[in-house]
K.L.:
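One structure follows; several queries about it will come next.
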There are 2 protein chains.
Amino acid sequence: MAKRTRVTSHDVAARAGVSQPTVSLVLSGNPRARVAKATRARVLRAAEELGYRPNLLARALVQQRSFAIGVVVPTLSNPFFVDVVNGLERVAVAEGYAVLLCNGRGEPVAPQVETLRGRMVDGLIIDAAGAAGLPEALLADMTVVLVEEVSERWPTVTSDAEAAGRLAAEHLLELGHRAVAMIGPATDVHALRRRERGFLATLRQAGVSVRSRWLRRAPATVRGGQEAMRALLGLDARPTAVFCATDLVALGALKACVSARVRVPEEVSLVGCDDIEMARLTTPELTTVAVPARELGARAARLLIGMLEGGPDTRGRRRPLPVSLVRRGTTAPPVASAGGARMEGSR
Amino acid sequence: MAKRTRVTSHDVAARAGVSQPTVSLVLSGNPRARVAKATRARVLRAAEELGYRPNLLARALVQQRSFAIGVVVPTLSNPFFVDVVNGLERVAVAEGYAVLLCNGRGEPVAPQVETLRGRMVDGLIIDAAGAAGLPEALLADMTVVLVEEVSERWPTVTSDAEAAGRLAAEHLLELGHRAVAMIGPATDVHALRRRERGFLATLRQAGVSVRSRWLRRAPATVRGGQEAMRALLGLDARPTAVFCATDLVALGALKACVSARVRVPEEVSLVGCDDIEMARLTTPELTTVAVPARELGARAARLLIGMLEGGPDTRGRRRPLPVSLVRRGTTAPPVASAGGARMEGSR
DNA sequence: GGCCTTTGCCAATACGTATTAACTCCGCAA
DNA sequence: TTGCGGAGTTAATACGTATTGGCAAAGGCC
């Protein structure tokens, strides 16, 4: 029951009959450290026998780096962010970094970021900082990479959000839609704003304008999409197509349509954005714009670790990651007859 | 550009004209510490002015506790575990603990747990340890709480998994199903095994046995459910109802039915388990057994923190959390006519 | 005014590791 | 013999905090 204290490098030293620094040299120092072969073997055996695990906190304290990176996401309830995290963790772990995941859960993350700072994370990856409401001052003299955000101050990793909006618009235009609505972001998430901008700009270039009543704002959740769509369906003049800034929102919108017995895509076409797994699980399947979430995370991790190890010059701006339209079942030409081209959108 | 070194308690001491221990006494020591009012004020002001943040690693090193708890989940791609984490984080943060989330991503978590150990987490919450393939030896002399697992050695927090299976079985029996299949877990996740046991036992008591070909095993993913269901549909003798150990599996099964143009619930009834948000987004909505994921996490956190602070006697076994059947659209009586009682299952 | 208690602060040390400088051997050349 | 250099090890120290014991000053008591 007596919680035996952890075995330290001193214990290993004692057992191997050497001093503690020698243990440190063998186990963590440069492999080119001058230590006799026999000694090294003795130390290794002693460490093995005692089950020695170095105390990473002590190591971080003296080395002034913890080999941990902090990751801040606004929520894990959106599978998109889970994918970003997955991509990012794979890289980080492979490079020998631990990931301290900080889940905003919708609340302000400032205090949690304070904690990360206090735990001496070497760097920070912040996803959708706008949503997190993070004061810049908090990040003073930290190494930071932003995901899906723009910034003069810190390097960023983004997808081509304008193109996402453009692809959605082009798809709807091509199908013949002119009465088009959008459910945009309620908060200041940069990527979502840019999706919106790309969408609206493309429509405008085609001579189609979105009536202000058809431009709604909703939190990026299922419920948000549901309520916004309900509002749209309640108008006397309904759009024939709706672009949602996020797949979750689109799924909510789809749900609202089903509840209201509005047929999708016959009466209303829906386009989402992200291409989360769930998008393929509904009936009909969701037409959406695929955003490479995992790759976004992986790139952010590579960039950050590069900065941490290679110096700050690694921040050569890479171009945004490409996105692509995925035609599925929730889009079709407007006022389609029940027969005809109805299945056109699905493969 | 020169990354100014962090401000330490020594800096604060210098500015306030006191010694470092005094700073420590004021800022972190017992509030009843004997410090003159004026001194305390000076220290607090100096700390404020310098923007002092204590180094939590150093503190952890000397206090031999880090006020961090490690959390291990097999994957974050299953929203169920995200909910558990959400519930758990809320409690932990409120109690002043940081959460170090360790995402298995399907791979063995042992090395990551090593890292958590090395970072001196005060305790560990491990969810679905069986899936994680975690050797017990790794956890020697750690304070651990298991979620959805049974163990003689460590305290556990569970839902009433047998009841979950029983409720599903009773529901299907009540509807009149006799040709019943199940898609069970492929790995050794205890809760899923118990769901299965409860399900099969209840059927057996009612004189219904599940033919071995109708008892399939699949990983707890959408794809797993999809493939298992495809296999079931390929048999010459099809069941009229299928219980899936997990909602994700059920969603995959539903997807497989839709793809195969098998109508749900008319031709096949489906029951899931977990009640994740997604279960309400499909058409028809998924009938399932609700498991209080968030509460599961919250309880685990409370139990662990109680053990950390109050001593090991707090582990008085609480009864498993209750589960409840949620009737929705994927269940109906077998061989139902297109009209009649078809919608009975939905509210 | 001496003695004891209380108050307020600090010197010293510990936590477990990494790193630097120094120290010991030992052989070898001058 | 002295001096020198390199190989192998260790003593000393630092990282930033918390904690213990003690020291000086202030106050209470007779």
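Bear in mind the structure is a predicted one, so any value in this text is a computation, not a measurement. Here is how names work: the chains are called A, B, and so on, in the same order as the sequence lines, proteins then strands, and each is numbered from 1.
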K.L.:
On DNA chain D, does the nearest nucleotide to A58(A) precede the nearest nucleotide to L25(A) from the 5' side, or the other way round? Give the residue.
P.N.:
L25(A)
K.L.:
More 5' along DNA chain C: S19(B) or Q63(B), using each one's nearest nucleotide?
P.N.:
S19(B)
K.L.:
Would you indicate what P21(B) reaches in the nucleic acid, counting non-hydrogen atoms under 4.0 angstrom: base, sugar-phosphate, or nothing?
P.N.:
base
K.L.:
Is it the case that the base of dA11(D) and the side chain of Q20(A) share a donor-acceptor contact (distance under 3.5 Å, atom types as modelled)?
P.N.:
no
K.L.:
Would you indicate what R34(B) reaches in the nucleic acid, counting non-hydrogen atoms under 4.0 angstrom: base, sugar-phosphate, or nothing?
P.N.:
base
K.L.:
Could you please name the option among dT17(C), dT9(D), dG8(C) that lies closest to any side-chain atom of T22(A)?
P.N.:
dT9(D)
K.L.:
Whole-Å distance between dT19(D) P and R65(B) CZ?
P.N.:
11 Å
K.L.:
With side chain to side chain contact (heavy atoms under 4.5 Å, CB included) as the criterion, how do H190(A) and L146(A) come out once you've worked through the C-alpha distance, each side chain's angles and the decisive distance to 0.1 Å?
P.N.:
CA-CA 11 Å; H190(A) 224 92; L146(A) 300 180; over 6 Å; no
K.L.:
What integer distance in Å separates L56(B):CG from dC15(D):P?
P.N.:
18 Å
K.L.:
In whole Å, I'd like the distance from the CG atom of D11(B) to the C1' atom of dT17(D).
P.N.:
13 Å
K.L.:
What's the NE2-P distance between H10(B) and dC10(C), to the nearest Å?
P.N.:
12 Å
K.L.:
Looking at dA18(D), dC15(C), dC10(C), which one has an atom nearest to any side-chain atom of L61(B)?
P.N.:
dC15(C)
K.L.:
Pick the nucleotide of DNA chain C nearest each of V18(B) and N55(A); which residue has the one closer to the 5' end?
P.N.:
V18(B)
K.L.:
Just report the end-to-end axis angle for the helix from dG1(C)-dC30(D) to dA30(C)-dT1(D), five pairs per end, to 10 degrees.
P.N.:
70°
K.L.:
Using atom CZ of R117(A) as one end and atom C1' of dG16(D) as the other, report the distance to the nearest whole Å.
P.N.:
15 Å
K.L.:
Tell me: CG of L57(B) to C1' of dA18(C), nearest whole Å?
P.N.:
15 Å
K.L.:
Please work out if V23(B) contacts a base, only the sugar-phosphate, or nothing of the nucleic acid, heavy-atom cut-off 4.0 Å.
P.N.:
nothing
K.L.:
Which heavy atom in A92(B) sits nearest to a heavy atom in V99(B), and how many Å separate them?
P.N.:
CB-CG2, 3.6 Å
K.L.:
Where is the tightest heavy-atom contact between L116(B) and G70(B), given as atom of each residue plus distance?
P.N.:
CD1-CA, 4.0 Å
K.L.:
Just the rounded figure in Å: distance from P of dG16(C) to CE of M120(A).
P.N.:
18 Å
K.L.:
Do L76(A) and L101(A) have side chains that get closer than 4.5 Å, going by heavy atoms?
P.N.:
yes
K.L.:
For the pair made of CZ in R59(B) and C1' in dG16(C), what is the distance, rounded to whole Å?
P.N.:
18 Å
K.L.:
Does a nitrogen or oxygen in the side chain of T8(A) sit under 4.0 Å from OP1 or OP2 of dG16(C)?
P.N.:
no
K.L.:
At their closest point, which heavy atom of F80(A) faces which heavy atom of A293(A), and how far apart are they?
P.N.:
CE1-CB, 3.5 Å
K.L.:
With a 4.0 Å cutoff (strictly under), does any side-chain N or O of T39(A) reach OP1 or OP2 of dT9(D)?
P.N.:
yes
K.L.:
Where is the tightest heavy-atom contact between S151(B) and R153(B), given as atom of each residue plus distance?
P.N.:
OG-N, 3.0 Å
K.L.:
Under 4.0 Å: is that the gap between some side-chain N or O of S28(B) and OP1 or OP2 of dA18(D)?
P.N.:
yes
K.L.:
Is any NZ, NE, NH1 or NH2 atom of the basic residue among E295(B) and R302(B) found under 4.0 Å from an Asp or Glu carboxylate oxygen of the other?
P.N.:
yes
K.L.:
Ignoring backbone atoms, establish whether Q64(B) has a side-chain N or O less than 4.0 Å from OP1 or OP2 of dG16(C).
P.N.:
yes
K.L.:
Should S9(A) be listed as having a side-chain N or O under 4.0 Å from OP1 or OP2 of dG16(C)?
P.N.:
no
K.L.:
Identify each donor-acceptor pair in which a side-chain atom of residues 20-28 of chain A lies under 3.5 Å from a protein atom, sequence neighbours left out, and give them as a table.
P.N.:
unit_1: T22(A); atom_1: OG1; unit_2: S19(A); atom_2: OG; d: 3.3
unit_1: S28(A); atom_1: OG; unit_2: S24(A); atom_2: O; d: 3.2

